[in-house]
Trainee: 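Questions regarding the structure given below will be posed in turn.
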Amino acid sequence: MMNLRNSLVVALSAASLTLAAGDSKTPPGDFYDEVSRLNKVLSEVNRKYVEDVNPTELTDAALNGIRDILDPHTTVFTPKDYEGLKVSMEGKFGGVGITISLRDNVLTVISPLSGTPAFRLGIRAGDRIRKIDGKDTKGLSLDDAVSKLRGKIGTDVTVSIQREGVPDLMDFTITRAEIVVHAVPYYGMVTKDIGYIKLATFSDKTTSDVENAIRGLKKQGMKKLILDVRYNPGGLLNQAIEISELFLKQGNVIVSTLGRTQRTESRARRDGMIGPEVPMAVLVNQGSASAAEIVSGALQDWDRALVVGKTSFGKGSVQTIFPLDNQGNALKLTTAFYYLPFGRCINKPENGIKGLKLQEEEPAEEEEGASADSVKKDTVSRDTFYTNNGRMMFGGGGIKPDVDVELSPMPWVVQVQERMAMYFKFAVKVRPMLDKAGVKMDANWVVPDSLYTQFKEFCMKDTNFVKVKSNALVGVDQLEKSIVAEQNYMGDSSKTVTDTTLSKRLTEMRKALENKRDAQFDENKDYIKDGIKRELLTAMVGDSVSTAFSLKRDEQLKEAIKYLSNDALFKKTISGPGKHPLAAKPKQKKKK
């Protein structure tokens, strides 16, 4: 019977998709007639289907079908999801102040947030949360654990901690407080005159956090600035506008939106906190999205900053929240697309099924006094745009960097170490020993060879780490299977390679590749030592010191520093042939 029910849900999902989309071979019907038809189907199913059907399942199936023909960002929030969205936008909540994750299927503290109740009580990175309010956490999902730890400010929650080097569980009763998630997790000087700001999200407090960071950097002698929005997923539009205002001139267009029912244009309301005499670079990558792309794109269009890194995600659509009832359900609906000051649409077609349809519907406009030939030259490709200095840019979605920096491939053995959190696990294991030895950890501390050797032994004793095979070893396994399959086809039913010579060569290949893996440890000794130091600094000193240390190996940051440190190179890269006719005045969308 469950198969019948599942089939019905799938069928209704497909039906709703057809109703919403319309048959591609026939014109769409009247909206209200189609809704009435869907209601009749659901009514008949409810009254006459062979067994009872959960109405929530039917509704969810229909909603999923509708979402599938729109775009990935349109969705219906449950009350729990909606509350989580509000928390991320407000940047504060009642909680204990720890970042947690599942490590080896055990709820584990990744780091306590400085100044929070958990931090003050001495909870450490690597502590394993075995119980929450006396109830075992085994099998508890991460979301459920978070909901149990969060709560009303002033209330208590008790966690039972298993700590490396301590035989018994440790109980901590933590009084929940307001936890503020800072939009700027780190800022500092990366050279004597270049400041750096890591911008992680766009929430209610983002602008004030960035302003505080700028004031702090100015006190340290900042003359140039790098704004890092890599892996920033975006957030509030008003914060993206206010952050852009910090660096632009009054009246500069920052972003415009265009949709069926929405058409806006946002300009800088004042001159920036940082003037044009301060050269800037913005770091972006494939994880930079939405509000992060508005800021980086606006600064690029006005030639205010050099964009360095990799092409951003291309999430340039506007979502509006519509409450559906008093229970906390809400619709997040895409209502428009974002456009940069000189016409580029941020949205990549694959991030919204309708792609650039609205932009493509805009007719070409002739500039007053321009000849037909000149207009044709400027509008021959709708994917060609120009910055304020006349530098040519290309559309297609996302922010394409002025300086593209491909990161060096990570060695295989290090990839496995990072993926399996071996540095984190090792830091948790050796911290009691280092504490007992009175080791003073700071940015200048050097990882001794003895600790590197311990780490190598630690990895090779970890059965899960040892089981991971390189692509080359997997290839040898596949080769062996092919040989066995071929000999079985020839009438030999053995499950192993029967040819002695081939078997010997396969063994030799495996041994050589295993030796190569072991050799990769020593070949990447410096990299591995950096990983050990990074995690120990995080655990024993704090995120800020660890971040400052990690930035020294950052290739994209190094490239940004190179351009900012060379005035001639910077000016040559950001300058253009002169103001382009279409760039002199941002094109205004015609009202329909």
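Being a predicted model, the structure only gives us computed values, none of them experimental. Note that these values count all heavy atoms, side chains included, but never hydrogens, waters or copies made by symmetry.
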Trainee: Between Trp302 and Phe342 (judged by ring centroids, cut-off 6.0 Å), do the two rings come close enough to count as a pair?
Mentor: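 Between Phe342 and Trp302, which both carry aromatic rings, the centre distance is below 6.0 Å.
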Trainee: Do Val284 and Lys310 come close enough that some side-chain heavy atom pair is under 4.5 Å?
Mentor: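 The answer is no; the side chains never approach within 4.5 Å.
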Trainee: Pair up each side-chain donor or acceptor in residues 95-109 with any protein partner under 3.5 Å, not counting sequence neighbours, and list the distances.
Mentor:
residue : atom : partner : partner atom : Å
Asp104  : OD1  : Lys425  : NZ           : 3.3
Thr108  : OG1  : Val106  : O            : 2.9

Trainee: Can you tell me if Asn285 uses its side chain to pair, donor with acceptor, with the backbone of Tyr231 under 3.5 Å?
Mentor: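 A pair under 3.5 Å: yes.
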Trainee: Among all residues two or more places apart in sequence or in another chain, which pass the ring pair (Phe, Tyr, Trp, His ring centres under 6.0 Å) test with Tyr527?
Mentor: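 Tyr527: no ring pair (Phe, Tyr, Trp, His ring centres under 6.0 Å) contacts found.
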Trainee: So, taking the atom named CG in Leu169 and the one named CD1 in Ile129, what distance separates them when rounded to the nearest 0.5 Å?
Mentor: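 Atom-to-atom, Leu169:CG and Ile129:CD1 are 12.0 Å apart.
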Trainee: Kindly compute the distance separating CE (Met540) from CE (Met441), expressed to the nearest 0.5 Å.
Mentor: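 Answer rounded to 0.5 Å: 4.0 Å.
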Trainee: Please tell me whether Ser288 and Gln286 have a donor and an acceptor in their side chains that are separated by less than 3.5 angstrom.
Mentor: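 Gln286 and Ser288 do not have a side-chain donor-acceptor pair below 3.5 Å.
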Trainee: Would the distance check show the side chain of Asp133 and the main-chain N or O of Thr158 forming a donor-acceptor pair, the cut-off being under 3.5 Å?
Mentor: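 Yes.
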Trainee: Output all residues satisfying salt bridge (Lys or Arg N to Asp or Glu O under 4.0 Å) with Glu242, sequence neighbours left out; order by chain, then residue number.
Mentor: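 Result, salt bridge (Lys or Arg N to Asp or Glu O under 4.0 Å) vs Glu242: none returned.
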Trainee: Using modelled atom types only, decide if a donor and an acceptor are shared between the side chain of Ser544 and the backbone of Tyr186 within a distance under 3.5 Å.
Mentor: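 Checked: no pair found.
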Trainee: For the backbone of Asp171 and the side chain of Ser160, can you confirm whether one donor and one acceptor N or O come within less than 3.5 Å of each other?
Mentor: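 Not confirmed, Ser160 side chain does not pair with Asp171 backbone.
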Trainee: Heavy-atom distance under 4.5 Å between the side chains of Val76 and Leu324, does that happen here?
Mentor: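 In short, these two side chains touch, coming nearer than 4.5 Å.
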Trainee: Say whether Ser141 and Asp143, considering side chains only, have a donor N or O and an acceptor N or O under 3.5 Å apart.
Mentor: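 Ser141 vs Asp143: no donor-acceptor pair found between side chains.
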Trainee: Can any side-chain N or O of Gln250 pair as donor or acceptor with the backbone N or O of Asp271 at less than 3.5 Å?
Mentor: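 Answer holds: no.
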Trainee: So, Tyr423 versus Glu418: side-chain donor-acceptor pair below 3.5 Å or not?
Mentor: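 Note: Tyr423 and Glu418 side chains miss the donor-acceptor criterion.
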Trainee: Can the ring centres of Phe465 and Phe458 be said to be less than 6.0 Å apart?
Mentor: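 No, too far apart.
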Trainee: Mind checking the CE-CG spacing from Met422 to Asn464? Nearest 0.5 Å is all I need.
Mentor: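 Reported to 0.5 Å precision, the distance equals 8.5 Å.
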Trainee: With side-chain hydrogen bond (donor to acceptor under 3.5 Å, both in side chains) as the test, would you mind laying out the steps for Ser317 and Gln319 before giving the verdict?
Mentor: CA-CA 7 Å; Ser317 53; Gln319 278 73 47; 3.0 Å; yes
Trainee: Return yes when atom NZ of Lys223 has more than 12 non-hydrogen atoms of other residues, nucleotides or ligands closer than 6.0 Å, and no otherwise.
Mentor: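 12 or below, so no.
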Trainee: Do side-chain atoms of Ser312 reach the backbone of Ala289 as a donor and acceptor pair under 3.5 angstrom?
Mentor: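 Pair absent, no side-chain N/O of Ser312 close to backbone of Ala289.
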Trainee: Which value, rounded to the nearest 0.5 Å, describes the distance between Leu225 atom CG and Met280 atom CE?
Mentor: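 Nearest 0.5 Å value for the CG-CE distance: 4.5 Å.
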Trainee: Mind telling me whether Phe426 and Phe455 have parallel, tilted or perpendicular rings, with 30° and 60° as the class edges?
Mentor: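 The rings of Phe455 and Phe426 stand perpendicular, inter-plane angle above 60°.
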Trainee: Decide yes or no for Pro185 and His182: does some side-chain heavy atom of the first lie under 4.5 Å from some side-chain heavy atom of the second?
Mentor: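 Side-chain contact under 4.5 Å: no.
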Trainee: As a quick check of understanding, evaluate side chain to side chain contact (heavy atoms under 4.5 Å, CB included) for Glu211 and Asp209, giving each step before the final call.
Mentor: CA-CA 6 Å; Glu211 288 174 341; Asp209 282 357; over 6 Å; no
Trainee: Passes side-chain hydrogen bond (donor to acceptor under 3.5 Å, both in side chains), Ser408 versus Glu555? Steps please.
Mentor: CA-CA 8 Å; Ser408 301; Glu555 296 177 31; 3.1 Å; yes
Trainee: Please check if the side chain of Asn329 supplies one atom and the backbone of Asp325 the other of a donor-acceptor pair under 3.5 Å.
Mentor: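 Side chain of Asn329 to backbone of Asp325: no pair is present.
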Trainee: State, yes or no, whether a side-chain contact exists between Thr175 and Ile153 at a heavy-atom distance under 4.5 Å.
Mentor: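 They are not in contact (no side-chain heavy atoms under 4.5 Å apart), so the answer is no.
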Trainee: Does a side-chain N-to-carboxylate-O contact under 4.0 Å join Lys198 and Asp543?
Mentor: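 Between Asp543 and Lys198 there is no salt bridge, as every charged N stays at least 4.0 Å from the carboxylate O atoms.
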Trainee: I'd like to know if Glu559 and Lys562 make a salt bridge, using a cut-off of under 4.0 Å between side-chain N and carboxylate O.
Mentor: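 Between Lys562 and Glu559 there is a salt bridge, with a charged N closer than 4.0 Å to a carboxylate O.
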Trainee: Quick one: are Thr387 and Met393 in side-chain contact, heavy atoms under 4.5 Å?
Mentor: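 Yes; the side chains approach each other to less than 4.5 Å.
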Trainee: Could you tell me the separation between the OG atom of Ser244 and the CZ atom of Arg267, rounded to the nearest 0.5 Å?
Mentor: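 Atom-to-atom, Ser244:OG and Arg267:CZ are 14.0 Å apart.
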Trainee: Determine whether Phe337 and Leu258 make a side-chain contact, defined as any pair of heavy atoms from C-beta on separated by less than 4.5 Å.
Mentor: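 SC-SC contact between Phe337 and Leu258 ruled out.
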Trainee: Looking only at atom types and distance, does a side-chain atom of Glu293 sit under 3.5 Å from a main-chain N or O of Gly314, one as donor and one as acceptor?
Mentor: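 Yes; judged by distance alone, with no hydrogens or angles, the pair exists.
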Trainee: Under 4.0 Å between a side-chain nitrogen and a carboxylate oxygen: does that hold for Arg163 and Asp127?
Mentor: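 Result for this pair is yes, salt bridge flagged.
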Trainee: Between the side chain of Arg176 and the main-chain N/O of Leu149, is any donor-acceptor distance below 3.5 Å?
Mentor: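 Pair found, side chain donor or acceptor close to backbone of Leu149.
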Trainee: Report yes if some heavy atom in the side chain of Pro112 is under 4.5 Å from a heavy atom in the side chain of Arg124; otherwise report no.
Mentor: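 Side chain of Pro112 against side chain of Arg124, heavy atoms only: no contact under 4.5 Å found.
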Trainee: Assess Arg304 against Phe247: is NZ or CZ under 6.0 Å from the centre of the six-membered ring, and within 45 degrees of the ring's axis?
Mentor: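 Arg304 over Phe247 ring: no.
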Trainee: Do any N or O atoms from the side chain of Arg431 and from the backbone of Ala539 form a donor-acceptor pair under 3.5 angstrom?
Mentor: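 Side chain of Arg431 to backbone of Ala539: a pair is present.
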Trainee: Surrounding NZ of Lys131 (heavy atoms of other residues, nucleotides or ligands, distance under 6.0 Å), is the total greater than 12?
Mentor: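 No, NZ of Lys131 has 12 or fewer neighbouring heavy atoms, counting only those of other groups under 6.0 Å.
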Trainee: With the side chain counted from C-beta on, respond yes when Val447 and Trp445 share a heavy-atom pair under 4.5 Å apart, and no when they do not.
Mentor: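 Yes, close enough: below the 4.5 Å cut-off.
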Trainee: Show your working on side chain to side chain contact (heavy atoms under 4.5 Å, CB included) between Thr207 and Ile243 and close with a plain yes or no.
Mentor: CA-CA 6 Å; Thr207 301; Ile243 292 297; 4.0 Å; yes
Trainee: So, taking the atom named CD1 in Ile194 and the one named CG in Leu217, what distance separates them when rounded to the nearest 0.5 Å?
Mentor: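 The distance works out to 12.0 Å.
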Trainee: In terms of side-chain heavy atoms, does Gln300 have a donor or acceptor partner in Asp402 at a distance below 3.5 Å?
Mentor: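 On atom types as modelled, these side chains qualify, holding a pair under 3.5 Å.
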Trainee: Should Lys138 and Asp136 count as an ion pair when the cut-off is N to O under 4.0 Å?
Mentor: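 A salt bridge is absent here (no side-chain N lies under 4.0 Å from a carboxylate O).
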